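Quantities reported herein were computed from a predicted structural model and do not represent experimental measurements. Naming convention: chains lettered A, B, ... in sequence-line order (proteins, then strands); numbering from 1 in each chain.
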Protein chains: 2
Amino acid sequence: MKPINLKKLAQELDLSVATVSRALNDRYDISQATKDRVRALANKLNYEPNPYASSLRRQKSKTIGVVIPEVANHFFSLAINGIEEVARSNNYHVLIYLTHEDYQRELAMARLLASGRVDGLLVSVASESADFAHLEFLRERGIPIVFFDRVYDEMPTAKVTTDDFESGYKATRHLLEAGCRHILHLAVSQNLSIGRRRMEGYVQALADAGRPYEESLVLLARETKQQDVIQIQQLLEAHPEVDGIFASVESQAMSSYEACRNLGRSIPGDIKIIGFSNLEIAALLDPPLTTITQPAYSIGKEAAKILFLAISKNRVISPTQSLVLKSELVVRASTLPAPQAARPAYTLT
Amino acid sequence: MKPINLKKLAQELDLSVATVSRALNDRYDISQATKDRVRALANKLNYEPNPYASSLRRQKSKTIGVVIPEVANHFFSLAINGIEEVARSNNYHVLIYLTHEDYQRELAMARLLASGRVDGLLVSVASESADFAHLEFLRERGIPIVFFDRVYDEMPTAKVTTDDFESGYKATRHLLEAGCRHILHLAVSQNLSIGRRRMEGYVQALADAGRPYEESLVLLARETKQQDVIQIQQLLEAHPEVDGIFASVESQAMSSYEACRNLGRSIPGDIKIIGFSNLEIAALLDPPLTTITQPAYSIGKEAAKILFLAISKNRVISPTQSLVLKSELVVRASTLPAPQAARPAYTLT
DNA sequence: ATAAGTTCCGTAAACGTTTACGTAAATAAA
DNA sequence: TTTATTTACGTAAACGTTTACGGAACTTAT
């Protein structure tokens with residue numbers, strides 16, 4: 001059941017292929033009568049142009065690529081939502097690539113995308129990536145790139161991020177104000193600028209409060225969640241003075257909960273926790289988790305908008321188009337200063 | 001900075017375009033010496049074949065499409081993960097389309113996919129969809145389709161699902177055994193076979209326990225989460241006898257938690273809750289949520305495998321290839337029979 | 001020596017569009 | 001009337017691959 005093409009339409013209508021094509025594209029030099037005839041038949045036969053022939057000829061793929069570390073993470077899910085929304089409204093298609101934080105995969109994907117498969121790219125880099133030649137290469141090939149969240153700072157293009165320094169600062173200060181003296185920072189890879197910025201915020205808040213920065217109170221994410229939990233437990237046992245945790249990654253906040261549970265530490269009685277998170281159910285956790293929430297949907301949407309602006313105007317993207325959106329601190333029970341107030345009101349009334 | 005193509009390589013090497021193409025594709029009728037020369041230059045210049053030209057000529061897109069209701073849902077996120085994994089290992093690309101449960105969007109996407117843009121399709125249908133002519137149309141056009149989770153039963157193709165009847169039965173029986181007498185079912189749209197099957201399991205479990213099935217104790221999801229919460233609250237107030245909730249959708253379990261919280265009902269003291277969910281943090285909720293957990297990653301992976309088998313063998317997919325994977329009942333505190341045991345051990349020791 | 005077979009490569013057509021260019025017919029201007 | 005302009009369409013080339021076909025040049029068999 002071969003799909004029908006222009007040639008078949010043309011035969012049927014006793015017109016040339018060119019005329020049919022122009023009629024369907026609503027060109028000025030085709031009579032209204034012919035256009036109507038052509039469209040009627042096209043509709044009747046459910047004609048749909050072959051996208052590859054079209055892309056080849058026009059040198060436009062009508063497709064963008066999204067490169068992200070993972071999709072089973074609420075932040076990226078929401079971002080994709082925003083991206084897909086904008087793409088659809090521009091009649092674009094969305095190819096998705098998951099790096100799983102693996103630099104090698106990111107590299108392989110860059111190769112695949114180098115030959116016009118996509119008209120543009122939205123990228124959140126893998127935490128392993130330290131070298132960015134592969135992305136520079138894509139730029140040289142003329143593929144516009146917009147970074148979101150996990151950006152490659154040095155590339156002169158637009159980046160859509162959140163106020164990571166301020167967020168790290170706010171989170172840490174919030175813990176300090178809740179009475180924490182020794183705060184564990186579960187940090188994002190320092191390869192990534194968001195990792196460095198959140199760390200700087202953490203350090204600055206400590207300094208402003210006259211607290212020392214202790215290198216031993218910083219941990220990076222491991223390969224698996226189970227490793228994270230163990231790592232946190234070990235640190236909590238080695239440093240019993242720790243009374244606060246600032247998780248820069250959503251999953252690390254959850255790992256902290258598990259570690260505390262395993263060790264019998266109460267939250268927020270013994271340890272207060274704040275975490276970057278986009279989970280709607282943070283409020284339903286035991287105890288409800290205080291979060292720094294990023295506007296994930298908006299980040300995806302705005303990044304996509306910038307990309308489509310560049311694609312449609314056929315212009316190079318300027319770093320000045322970069323956007324910094326604000327994260328929101330949502331205070332919940334996991335950082336309540338007074339332990340006796342920590343019990344949520346509705347359990348076992 | 002135009003990407004280089006076969007013609008440029010051929011010029012540089014003083015060979016014909018055909019020879020270069022065949023060398024790169026490792027054909028038998030090209031000498032090893034020539035292959036080496038060609039590959040060396042191709043590597044040096046970072047040649048990457050134009051996918052659209054290749055697709056057009058070969059009539060193969062090396063791309064599959066994934067059509068799902070949403071991505072901000074842990075089940076689908078995990079499924080995509082499995083799908084992407086299989087696709088990548090087959091050197092395929094993944095186009096993603098979100099229907100947002102909207103039949104019109106699903107229809108529009110079917111149109112777009114009708115002309116060879118994808119070699120195959122993995123579909124989880126929108127709950128609004130009652131008519132499936134658009135999917136039949138794609139089949140007629142020769143595009144193999146594998147359904148996963150939300151299937152269109154009548155189409156003679158493979159479907160990868162979970163044991164929905166048994167899951168509904170197990171969930172309901174579990175609540176009954178925990179002492180529930182009046183169980184509210186937050187159901188999936190009865191347009192969908194998974195909705196009907198889970199419902200049948202619910203009804204059968206009630207019958208086997210000698211309990212009546214009450215139509216008034218069944219609710220369907222609304223447009224927004226807020227509407228769901230309100231709807232549940234209203235029902236709980238109108239039916240104070242309800243002492244158990246079976247949520248067939250992840251988000252509905254969360255809405256139930258909120259509703260109970262708003263009404264001051266304790267879980268599991270006043271009301272016990274069980275829900276379909278793929279959230280890893282179900283165990284960290286307050287109280288920990290008893291779940292029916294679907295093997296989402298495997299579902300995606302197996303569905304993709306079936307699709308690629310069909311694509312590579314160029315064969316039509318048979319309904320006999322369908323797979324039914326087992327869901328798992330994970331018992332946690334939200335359905336504990338004895339109210340006094342409901343308090344998790346680690347809060348405020 | 002010629003015939004037959006093999007090896008290696010080139011020519012050209014094809015995939016289904018889009019578009020630069022050309023042109024016949026119809027209309028308007030002179 | 002002739003000339004210029006407009007309208008509406010066809011011809012053919014192009015996008016970058018892949019591949020059927022053919023044929024030199026070389027090797028082996030006779």
Checklist line | side chain to side chain contact (heavy atoms under 4.5 Å, CB included) assessment of B:F147 paired with B:L122 | finding: CA-CA 6 Å; B:F147 290 99; B:L122 292 167; over 6 Å; no
Notebook entry, point to check: Would you call A:D119 and A:K62 a salt bridge, taking side-chain N to carboxylate O under 4.0 Å as the test?
Noted result: no
Next item on the list: Would you tell me if any nitrogen or oxygen in the side chain of A:S16 comes within less than 4.0 Å of OP1 or OP2 on D:dG10?
Entry: yes
Notebook entry, point to check: With sugar-phosphate meaning primed atoms plus P, OP1 and OP2, does B:S55 contact a base, only sugar-phosphate, or nothing at under 4.0 Å between heavy atoms?
Noted result: nothing
Notebook entry, point to check: Looking at B:E101 and B:R150, does any basic side-chain N land under 4.0 Å from a carboxylate oxygen?
Noted result: yes
Notebook entry, point to check: Quick one: is B:R22 getting a side-chain N or O under 4.0 Å of the C:dC9 phosphate, OP1 or OP2?
Noted result: no
Check: Is the shortest distance from a Lys or Arg side-chain nitrogen in A:D14 or A:R37 to a carboxylate oxygen in the other one below 4.0 Å?
Finding: no
Note to self: For a side chain to side chain contact (heavy atoms under 4.5 Å, CB included) check, start with the C-alpha distance between B:I145 and B:E136, then their side-chain angles and the critical distance, and finish with the verdict.
What the structure shows: CA-CA 10 Å; B:I145 299 180; B:E136 300 279 11; over 6 Å; no
Check: Within less than 4.0 Å of OP1 or OP2 of C:dT18, is there a side-chain N or O belonging to A:S21?
Finding: yes
Margin query: side chain to side chain contact (heavy atoms under 4.5 Å, CB included), that's the test. Do B:Y92 and B:I311 meet it? Break it down for me.
Written below: CA-CA 11 Å; B:Y92 261 68; B:I311 290 176; 3.2 Å; yes
Check: Does the pair A:H93 and B:Y97 meet the rule for a side chain to side chain contact (heavy atoms under 4.5 Å, CB included), with working shown?
Finding: CA-CA 8 Å; A:H93 300 254; B:Y97 298 90; 2.4 Å; yes
Next item on the list: Measure the distance from OH on B:Y47 to P on D:dG16 and round it to the nearest whole Å.
Entry: 10 Å
Check: Residues from residues 56-64 of chain A sitting under 4.0 Å of DNA chain D, heavy atoms only?
Finding: A:L56, A:R57, A:Q59
Margin query: Between A:E48 and B:R111, does any NZ, NE, NH1 or NH2 come within less than 4.0 Å of an OD or OE carboxylate oxygen?
Written below: yes
Check: Within the pair B:S54 and D:dT18, is there a side-chain N or O less than 4.0 Å away from OP1 or OP2?
Finding: yes
Next item on the list: Give a yes/no answer on whether the side chain of B:N25 brings an N or O atom under 4.0 Å of OP1 or OP2 in D:dT18.
Entry: yes
Notebook entry, point to check: Looking at the rings of A:H134 and A:Y152, which for Trp means the six-membered one, are their centres under 6.0 Å apart?
Noted result: no
Notebook entry, point to check: Between C:dC8, C:dT17, D:dT19, which nucleotide has the shortest distance from any of its atoms to the side chain of A:L6?
Noted result: C:dT17
Next item on the list: Residues of residues 35-42 of chain A with any non-hydrogen atom less than 4.0 angstrom from an atom of DNA chain D: list those, numerically ordered, please.
Entry: none
Check: Does a distance-only test, which skips hydrogens and angles, find a donor-acceptor pair under 3.5 Å between the side chain of A:D29 and the base of D:dC9?
Finding: yes
Checklist line | Given DNA chain C, 5'-ward residue of the pair B:V20 and B:A53, judged by closest heavy atom | finding: B:V20
Next item on the list: Tell me whether the OP1 or OP2 atom of C:dC9 has a side-chain N or O from B:T34 closer than 4.0 Å.
Entry: yes
